[in-house]
Each structure stands twice: as structure tokens, then as C-alpha cells.
Amino acid sequence: MSRYSASDIEGKWQAAWDKAGVFTAKRDETKPKYYVLEMFPYPSGRIHMGHVRNYTMGDVVARYKMSTGHNVLHPMGWDAFGMPAENAAMASGGHPKEWTYNNIDVMKGQLKPLGLSFDWSREFATCDPEYYGQQQSLFLDFLDAGLVYRKNAVVNWDPVDMTVLANEQVENGRGWRSGAIVERKELTQWFFKISDHADELLDAIDGLDNWPAKVKLMQSNWIGKSRGLEFSFDVIDAPEGFDQVTVYTTRPDTLMGASFVGISADHPLARHLETQNADIAAFNKECRQMSTSEADMEKAEKKGFHTGLRVRHPLDPNWELPVWIANFILMDYGTGAVFACPAHDQRDLDFARKYDLPVRDTFFALDNDTPVDHVAFVPPKTEKVRWVNHFAGLDVATGEDAINATVDFAEKAGWGTGVTKFRLRDWGLSRQRYWGCPIPVVHCDDCGVVPEKKENLPIQLPDDVSFDKPGNPLDRHPTWRDCSCPSCGKPAQRETDTMDTFVDSSWYYARFTSPNSGTPTDLDDVKYWMNVDQYIGGIEHAILHLLYSRFFARAMQITGHLPQTAVEPFNALFTQGMVTHAIYKRENQDGRPTYFYPEQVELRDGKAFLIADGAEVDIVPSAKMSKSKNNVVDPVAIIDAFGADTARWFVLSDSPPERDVEWTASGAEAAGKHLARVYRIAAEIAYENLAANDQDQALLKDMHKAIHDVTQGVESFGFNASIAKLYGFTNTLAKSKAGSEAKRMAARTLAQLMSPMTPHLSEEIWALLGGDGLVIQSPWPVADPAMLIDDEVTMPIQVNGKRRAEITVSKDLPSSEIEKIALAQDGVVRAMDGATPKKVIVVPGRIINVVV
RNA sequence: GCCCUCGUGGUGGAAUGGUAGACACAAGAGACUUAAAAUCUCUCGGCUGUAAGGCCGUGCCGGUUCGAGUCCGGCCGAGGGCACCA
């Protein structure tokens with residue numbers, strides 16, 4: 001009997017699957033289709049544990065669905081545009097294209113040995129001209145349908161490198177290369193009109209039954225529908241054209257607590273004032289010297305500048321409020337102006353205290369005049385509150401009524417309007433970078449912005465570009481921009497901006513259904529395959545990627561690229577947790593950190609020491625694995641040492657799939673040992689002589705329980721639970737009596753139940769035990785419900801909630817009998833200490849609780 | 001700062017409101033072996049007790065309940081997202 005050797009069997013079975021063509025998806029109207037998709041990877045260079053975890057989970061689902069009679073589509077491709085390729089080109093002088101395709105080769109070579117059930121015939125990379133050409137075609141259709149438009153928007157601008165920076169390239173307000181203080185700069189950019197669909201995208205969340213609740217909540221919050229009041233303050237001694245300042249508030253009930261009006265530094269009034277007043281100009285400039293990241297803005301010190309202007313309170317013409325420019329007010333949300341109520345908003349309160357502005361109480365206790373001192377006090381929807389308003393005096397109402405009453409009053413009096421607003425902003429897709437999909441439009445002196453003709457697509461990226469200086473090389477390419485106007489034919493210039501890489505990943509799922517189609521999608525194919533039945537990916541994509549994809553599905557439906565039935569792209573979503581690892585770092589003298597790889601570090605007594613110099617380094621526990629932090633772990637070593645099945649089994653074991661998992665090196669070896677044990681047990685069974693017709697009932701019962709539990713685990717993404725049951729079933733099998741037909745059948749069933757997780761080993765032992773054909777093509781075993789019921793149940797007995805004894809009784813025994821037996825138990829009698837029970841709770845089959 | 005999530009033995013984790021710690025890892029003891037590896041068996045939350053048993057225990061404080069790891073409120077800590085990282 002030979003030892004288990006992964007390297008001997010894994011290649012063999014992968015070849016067998018290829019030969020049988022089991023993973024090549026073809027339309028087949030006679031079978032139910034099942035489309036399982038994992039978020040495709042960015043080709044960063046090497047696969048990491050997160051990829052292995054993600055694709056193994058998808059593979060389990062895909063293989064399980066194949067076994068249950070589905071026609072499965074399980075494709076794989078590459079999200080291949082993006083900044084790292086340009087960064088690499090700048091750092092080491094290569095070309096982004098070469099870097100990207102090399103990485104794809106390497107990573108595909110690393111993925112292949114895992115034996116994943118991908119239909120590789122559908123593979124594409126988003127940087128393939130065939131793909132981004134179709135994306136340009138989609139863009140033109142969206143443009144035609146009014147789903148895209150141009151407007152000004154701010155970007156992070158590095159004044160030294162003269163280039164646009166991504167938020168991640170801004171470090172403490174400075175450009176990552178030049179170290180220059182970053183400025184905000186306005187550029188004309190392209191936008192998708194996602195906000196037109198805000199309400200619908202929000203409403204449709206309710207129908208996403210198989211999405212995680214937290215993702216739905218995050219999306220809802222992100223879309224951020226709010227009801228509020230929009231109204232204007234009259235400006236006293238207003239500058240020409242600025243008679244009023246319009247504000248939006250979701251808390252009109254706090255209007256009597258107003259203490260000042262705040263406007264954004266980008267507000268038209270602020271922009272006007274800075275032309276009149278150098279101090280205001282300086283303050284606004286300071287406000288604009290801030291990253292565009294919302295987190296940075298919110299964390300920055302709250303600062304303001306009194307404009308000297310005053311406005312009249314709408315409820316009291318004699319009440320004047322000062323107008324301040326404040327650095328925390330976003331021009332992009334609402335009207336770019338707010339009224340501040342420091343009594344009920346922490347940020348307003350901080351601001352008021354800093355600049356010595358009044359704090360006016362608006363809410364009071366029901367029975368006395370004590371103000372509600374809670375700064376973030378939101379009146380409860382259903383309970384009544386006492387609050388100050390100027391149209392009805394001190395009044396009592398529920399919070400909701402208070403808000404509605406103010407809106408009603410404002411509308412009737414004619415100084416305000418109840419409006420619905422969304423936090424969701426339109427999606428800016430323009431990027432001033434080379435390695436992305438060119439936006440297929442032309443700028444003509446006579447005709448303005450003109451869409452490129454479809455027959456000229458794809459507009460391909462030029463290969464002869466240099467990355468020796470920062471900025472977009474398309475801008476400085478000698479000839480690429482030159483073209484003729486698609487409308488008038490005169491010499492014109494191409495747009496040099498490329499598309500946000502989120503565009504690429506917003507429709508790839510549809511392209512996988514017909515990757516070679518001459519149009520973005522083939523209608524027959526999308527009708528058959530869409531929607532994605534199960535989408536699996538990282539929780540870090542919970543908002544942007546998923547929301548953009550949902551928008552794209554709608555836009556593609558409007559433009560006829562998806563059928564009416566495919567409004568939502570993903571029927572079910574599973575968000576896996578991240579693979580995390582400690583970060584080892586050391587602060588340099590200039591304050592910037594240096595990161596070290598795990599293998600450069602030695603761990604002693606919970607501290608980390610750099611092997612090179614023996615000195616201690618800082619440990620940041622449990623952070624997302626990230627290339628830039630050097631805390632990635634390479635799974636290839638594990639695959640090489642133990643085989644694919646071990647790596648797969650290992651990443652599925654122990655941790656619940658949705659939870660983050662801290663990577664530790666131990667454990668892979670144990671997984672390998674277990675698989676070797678399974679092989680050994682199966683091989684022993686295969687060579688046993690069969691005794692006559694021996695039915696091992698206990699073994700069969702456990703087999704049916706295993707079928708039930710493993711199936712349930714796989715169906716509900718409880719892979720760790722499935723594996724725990726498989727361990728238990730393996731132990732039962734190992735200890736069961738040799739030579740029974742039942743044992744052989746149980747071993748074959750074990751092979752089937754393990755096959756989604758360890759497909760190679762399963763094929764091997766399936767064949768060893770005389771299974772028919774390939775295990776991947778065998779129908780999934782079905783549990784016999786009769787075998788799942790135990791005749792006897794063990795029930796704990798509690799006295800006042802503390803466990804004192806347990807009894808084993810027939811499952812059909814009436815509660816009154818159970819109660820009698822329970823009360824007679826030694827432990828129960830002792831705990832009751834002579835008292836008579838007040839109450840005895842018997843939960844049949846579960847527990848008995850005696851209350852004394 | 002805002003939105004979201006998580007917190008259980010030495011470790012990963014299990015537990016439809018019903019026996020907390022399943023299943024594993026690590027550790028310890030033993031069997032086999034000349035020896036080692038491999039394999040197999042046993043022990044394994046803390047305190048206490050010869051034992052039977054008892055007390056404590058799911059980040060902290062409080063609440064609901066016959067019964068709370070689970071539900072509710074408030075804290076503390078860690079992680080993810082915050083629109084140009086993918």
C-alpha cells in the first residue's frame with residue numbers, strides 16, 4: 001500500500017478533468033444553470049492567501065452545484081488596469097503592459113495547481129484591447145442615453161510633480177514622491193449619473209434576500225437618503241447677487257437652536273468674498289490645501305473664518321446670525337451651506353466653543369425646564385419631547401412630528417421646502433493616468449466634445465510611452481492625441497483621461513457569459529447565464545464595487561446590453577473575511593515607516609526582532625494583508641510542500657468564512673496529516689475482504705448525519721462546520737468494524753462529501769474504492785431523514801438555571817414522565833435541598849429547568 | 001470624525017435563547033520502535049477537593065428571561081470602509 005503523495009495524484013486528476021471537459025461551460029436549456037463568480041484578482045504579481053481562500057470557497061460552491069445537477073459557469077479573469085503597474089514602471093523602468101501580463105502569467109501558473117474548476121476558455125484581462133474596446137462601446141451607448149456627463153470636480157494636485165494624486169498617494173497632506181503640500185484643483189471630468197438611480201438602488205436593496213445584512217446596511221447608509229428642509233437666509237447688506245444663502249438641514253426641529261450659518265470654502269459666496277478680502281482668500285486657500293479624502297477632512301481640526309456678513313433668522317427678522325466659512329462643510333453635499341445648532345451636534349458644539357458662539361438649548365425634559373444636555377440628542381420617533389419653536393411656542397411632540405411640523409410650517413409660510421436628498425454623489429470616472437481604458441471622445445475646436453465613432457474602437461493605448469517623469473504620459477505623447485474630429489473631420493485631439501478601474505470591474509461578470517462577442521454582451525448568453533447566482537469576494541468591496549456594479553447592470557439594461565430580468569447583477573453575495581497578518585515596522589528618522597516581511601523577523605515572548613540587526617521592531621497586530629505593508633504570506637510554499645488539497649482544506653478549516661482570519665504558519669502540516677490519514681483509511685478499506693452482508697447501523701447513521709451536516713454547511717457557507725463534521729465522520733469510519741459493505745459505502749460517501757474541498761484526493765480514493773466514473777460527475781449523496789432521528793435523547797436538568805444532572809430518555813416520552821424522572825435524580829434532589837419546585841419547564845428533546 | 005463588524009481555553013474556533021468550549025492545533029503522558037520519524041491511546045478553561053462533588057468562567061457594567069456567549073442599553077478594545085488603492 002503506497003503512501004499518500006499529493007504530487008503524484010494532483011496532476012493526474014487535473015488532466016482527467018481537462019480531458020473530460022468537465023469545467024467548460026456550454027448553454028444547456030435542459031439543466032438549471034448556476035453562475036458562481038469570485039471577484040477577479042488584480043494581477044499584483046503573486047497570489048496571496050486571500051486569493052486562495054476566495055477561490056477555494058467559490059470552487060467548493062461550483063463543484064457542489066455540479067454534483068447536484070446544475071450547469072455551472074465558473075469563470076476567471078484579471079482586473080488588470082491600475083496604478084501599481086504605473087508605479088512599477090516609474091520605479092524600475094519597465095512598461096505597465098509588460099509588467100501586467102507577466103504578472104498574469106505568474107499568477108495563473110500559481111493558481112493552476114490548485115485544481116480550481118475554472119472555465120479557463122473564458123479568461124480575459126480588462127487591459128486586453130478586446131475587452132476595453134467593448135467597454136468604450138458601452139461608454140458611448142451610456143453617453144447617448146444621457147447616463148454620462150461632464151462637470152468640474154476637485155482632485156488632489158501635487159504642485160511640484162504637476163500631477164494628480166490618488167488619495168492613497170497623499171501622506172499627511174503631502175505628495176508621496178515630491179513631499180509637496182497637496183492642493184485641491186478643479187478639473188473638468190466625466191461622471192456617471194448614478195445619483196439619478198439613487199432612490200431605485202436604495203429601494204432594490206430590500207429585494208436582495210441573499211446578501212449579507214451588513215452589506216445592505218452599508219449600501220443604504222452610503223446612498224444616504226434623508227428628508228429635510230431646504231430654506232434660505234436673507235443676507236443683510238448682501239454683496240451683489242448674494243441676497244440669500246440656501247441651506248439644507250435634516251434637523252429643522254433644531255432651528256431655534258441656530259447660532260451661526262456655515263458655508264463651504266468652495267461655496268459661491270465664499271469664492272466671491274475671497275476676491276474682496278485677502279484674509280478670506282488666505283483662509284479658503286488653507287481649506288483647499290487638504291486632501292479630498294472625507295476621512296482626512298473629518299479628522300482635521302475644525303476651523304472657521306467669520307466673513308463679517310450676517311443673515312436674518314427666517315422665524316424672527318430681528319434675530320441675526322453670523323456667516324462663517326468652515327473647513328468641515330462639503331460643497332458636494334446638500335447646498336454647501338448649513339445652519340449650525342451647537343446644542344445638538346457635536347461638531348457644531350466644538351466649533352461654537354472654539355469661536356465663542358452661543359449654544360441655545362432647544363429640547364427640554366417633559367416635566368421641568370431642564371434642557372436635554374445630550375449633544376447628539378435626536379428626539380425619539382415615537383416618544384414625545386418638549387422643544388422650542390417659534391411658531392407654536394414651547395411644544396410637545398414626537399421627534400418625527402417635530403421635524404414634520406417645522407417643514408409644514410416653512411412650506412405654508414413660504415420660506416422653505418421639504419426635500420429629499422441623497423448622500424450618494426455622481427461617480428467621477430476620469431483618471432489622469434495612462435494604464436486604464438481610454439475615454440473614447442475627441443475634443444474639436446469647432447464641435448466641442450465629440451464621441452468617437454464605434455467603428456474606430458478600440459481606441460488603443462500607445463505602447464511607446466515613458467514613465468521617466470510624473471504625470472500622464474498620454475498628455476506628452478508626440479502623436480497619440482492627434483486625430484480627426486468624428487463630426488467635422490478637422491484635426492482634433494483625443495481625450496487623454498482614462499477610466500476609473502472600477503468601470504472595468506462593473507460589467508466583467510456580464511462579459512464572462514460571452515467573452516468573445518463582437519458586442520459588449522451577447523443577448524442569448526446573458527439571458528441564459530445572468531444573473532450571477534453566487535458572488536463571492538472581500539468585505540472591503542461592500543460599498544463601491546458592488547454599488548457601481550448594481551448601477552452598471554441598470555445602465556446596461558437601459559442601453560439594451562442586459563435583459564430586463566437582470567437588473568440586479570448578483571442574486572446572492574457572500575463576503576469572506578480578510579486574511580490578516582501582523583505588520584512589522586520601524587519608524588525612520590524622517591517619520592516614515594519601513595515595513596519588514598514576516599520572514600525577516602524573529603518572534604520571542606510576544607515581541608518581534610529583526611533578524612538582520614537583532615533589534616526590536618514594532619508590531620501592528622492583525623491588519624489586512626497588503627503589498628505595501630509587506631505583511632503578505634505566499635501560499636505557493638504550502639502548495640509546493642503539501643499539495644493543493646492540503647492548502648484548500650487548510651484555508652477552509654477552523655475559521656468561519658465570513659470572518660477575518662489571522663494567518664499563522666502552523667496548521668497546514670496538520671491538514672496534510674489528516675488528508676494522509678483519510679487516504680490510509682480508504683486504502684485499507686479498499687483492500688479489506690468483505691464479510692457477509694454486514695450492515696453497520698451506527699456507521700450508517702453517522703454517515704447520514706455527515707451527509708446532512710456537510711450539505712448544510714456547504715449550502716450556508718459554513719465550510720468550517722462541514723469540515724468539523726468530516727473529521728468526526730472520519731473518526732467514526734476509522735473505528736468501525738472492518739469488512740462490512742457499509743464501511744466501503746461510507747468511505748465512498750466520504751470521498752464524495754470531501755470532493756468539493758479536496759477534489760484530487762477524493763477522485764483518488766473514489767477510484768480506489770471502485771466508484772463509478774469521476775467523483776465530480778457523481779450525484780451528491782442524499783441523507784435519509786429516517787436515519788437522522790435518534791430514538792433516545794439526552795437531556796440536561798437544571799435547577800434554577802444551573803445544570804445538576806442529565807437523563808437519557810426515549811424521544812417519545814411525555815413531558816409529565818420526563819418531569820417525574822428528572823425530579824428523582826440525585827443531583828436534582830441535592831440541589832433542591834428539600835424545597836418544592838415552583839415550576840418545572842420541560843422543553844422536549846432539549847432541557848428541563850426546575851425553578852424553586 | 002462618520003458608517004459597519006468583531007471580542008469565547010495556550011491557539012483557530014463550535015454552540016435554532018436551552019449541557020459553554022464540538023472539531024482541530026499546540027502541549028503533556030503512555031504504547032509501538034535498538035532509536036527516531038510515522039502511527040495509535042489517554043489528559044488538557046480556572047480554583048478547590050483523596051474522591052463524589054462544589055465554586056467561578058464567553059472584553060467590562062447593567063437589563064429582559066425559568067434560562068443569555070446568543071436579545072436590549074451603555075462602555076472598552078481591535079479591524080474594515082469613507083468616493084483617485086484594488
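The structure presented is a predicted model; accordingly, all values stated were derived computationally and were not measured. Naming convention: chains lettered A, B, ... in sequence-line order (proteins, then strands); numbering from 1 in each chain.
Here the separation of rU41(B) from rG45(B), taken at their C1' atoms, is 23 Å to the nearest Å. Rounded to a whole angstrom, the distance from the P atom of rG80(B) to that of rG9(B) is 22 Å.
Counting to the nearest Å, the P atom of rG81(B) and the CD atom of Glu298(A) are 18 Å from each other. Between Glu294(A) atom CD and rC4(B) atom C1' the separation is 14 Å, expressed in whole Å. Per the geometry, CD1 belonging to Ile848(A) stands 17 Å off C1' belonging to rG17(B), to the nearest Å. Rounding to whole angstrom units, CG of residue Asp79(A) and C1' of rC85(B) are separated by 11 Å. Atom-to-atom, NZ of Lys303(A) to C1' of rG1(B) comes out at 16 Å; the value is rounded to the nearest Å. Note: CD1 (Ile847(A)) to P (rA68(B)) measures 11 Å, nearest angstrom. To the nearest angstrom, C1' of rA83(B) lies 5 Å from OH of Tyr548(A). The CG-C1' distance, from Asn731(A) to rA22(B), rounds to 12 Å in whole Å.
The residue Glu658(A) sits apart from the nucleic acid: no heavy atom pair falls under 4.0 Å. Val851(A) comes within 4.0 angstrom of sugar-phosphate atoms only, judged by non-hydrogen atoms across all strands, and of no base. Contact annotation for Trp222(A): base contact, defined as any heavy-atom pair under 4.0 Å involving a base atom. At a threshold of 4.0 angstrom between heavy atoms, the contacts of Val164(A) include nucleobase atoms, whether or not backbone atoms are also involved. Residue-level contact check: His545(A) touches neither bases nor backbone, having no heavy atom under 4.0 Å from any strand. If you check every strand for non-hydrogen atoms under 4.0 Å, Lys673(A) touches sugar and phosphate atoms only. Within 4.0 Å (heavy atoms only), Gln189(A) reaches at least one base atom of the nucleic acid. As judged by a 4.0 angstrom heavy-atom cut-off over every strand, Ser293(A) is placed among residues touching the sugar-phosphate backbone only. Note on Phe502(A): a base of the nucleic acid sits closer than 4.0 angstrom, heavy atoms only. Using a 4.0 Å heavy-atom cutoff across all strands shown, Pro41(A) reaches no nucleic acid atom at all. If you check every strand for non-hydrogen atoms under 4.0 Å, Ile841(A) touches a base.
Of the candidate nucleotides rA86(B), rC40(B), rA22(B), rA22(B) has the atom nearest to the side chain of Ala724(A). Listed nucleotides: rU39(B), rG81(B), rU41(B). Nearest to the side chain of Ile543(A): rG81(B). With rG7(B), rA83(B), rA86(B) as the choices, the nucleotide that has an atom nearest any side-chain atom of Tyr42(A) turns out to be rA86(B).
Heavy-atom distances to RNA chain B give each of Lys214(A) and Ala295(A) a nearest nucleotide, and the one nearer the 5′ end belongs to Lys214(A). Across the interface with RNA chain B, nearest-nucleotide mapping of Asn849(A) and Leu217(A) shows Leu217(A) to be the residue nearer the 5′ end.
Under 3.5 Å, the side chain of Arg804(A) and the base of rU19(B) form no donor-acceptor pair of N or O atoms. No hydrogens or angles were tested; on distance alone, a donor-acceptor pair under 3.5 Å links the side chain of Asp654(A) to the base of rG12(B). Asn221(A) contributes no side-chain N or O that forms a donor-acceptor pair with the base of rC3(B) under 3.5 Å.
A close approach under 4.0 Å does occur between a side-chain nitrogen or oxygen of Ser655(A) and OP1 or OP2 of rG13(B). The side chain of Arg677(A) contributes an N or O atom lying less than 4.0 Å from OP1 or OP2 of rC40(B). Of the side-chain N and O atoms in Arg803(A), none sit less than 4.0 angstrom from OP1 or OP2 of rG18(B). Residue Arg846(A) has no polar side-chain atom (N or O) positioned under 4.0 Å from OP1 or OP2 of rC66(B). Residue Asn720(A) places at least one side-chain N or O closer than 4.0 Å to OP1 or OP2 of rA14(B). Dashed line: the shortest gap from a side-chain N or O of Lys802(A) to OP1 or OP2 of rC56(B) is under 4.0 Å.
The nucleotide rC25(B) finds its pairing partner in rG10(B), both defining distances of the Watson-Crick or G-U wobble pair being shorter than 3.5 Å.
Taking the six-membered ring for Trp, Tyr42(A) and Phe81(A) have ring centres at least 6.0 Å apart. Remark: aromatic rings of Tyr548(A) and Trp427(A) are close, center separation under 6.0 Å. Checked against a 6.0 Å centroid threshold, the rings of Tyr535(A) and Phe574(A) do not count as neighbours. Between Phe729(A) and Tyr727(A), a ring centre-to-centre spacing not shorter than 6.0 Å is recorded. Residues Phe192(A) and Phe552(A) bring their aromatic ring centres within 6.0 Å. With ring centers used as reference points, Trp649(A) lies 6.0 Å or more from Phe719(A).
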Full working for side-chain contact (heavy atoms from CB on, under 4.5 Å) between Trp176(A) and Leu165(A): CA-CA 9 Å; Trp176(A) 67 334; Leu165(A) 297 177; 4.3 Å; yes
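Going from atom CG of Leu546(A) over to atom CZ of Phe551(A) covers 15.0 Å, rounded to the nearest 0.5 Å.
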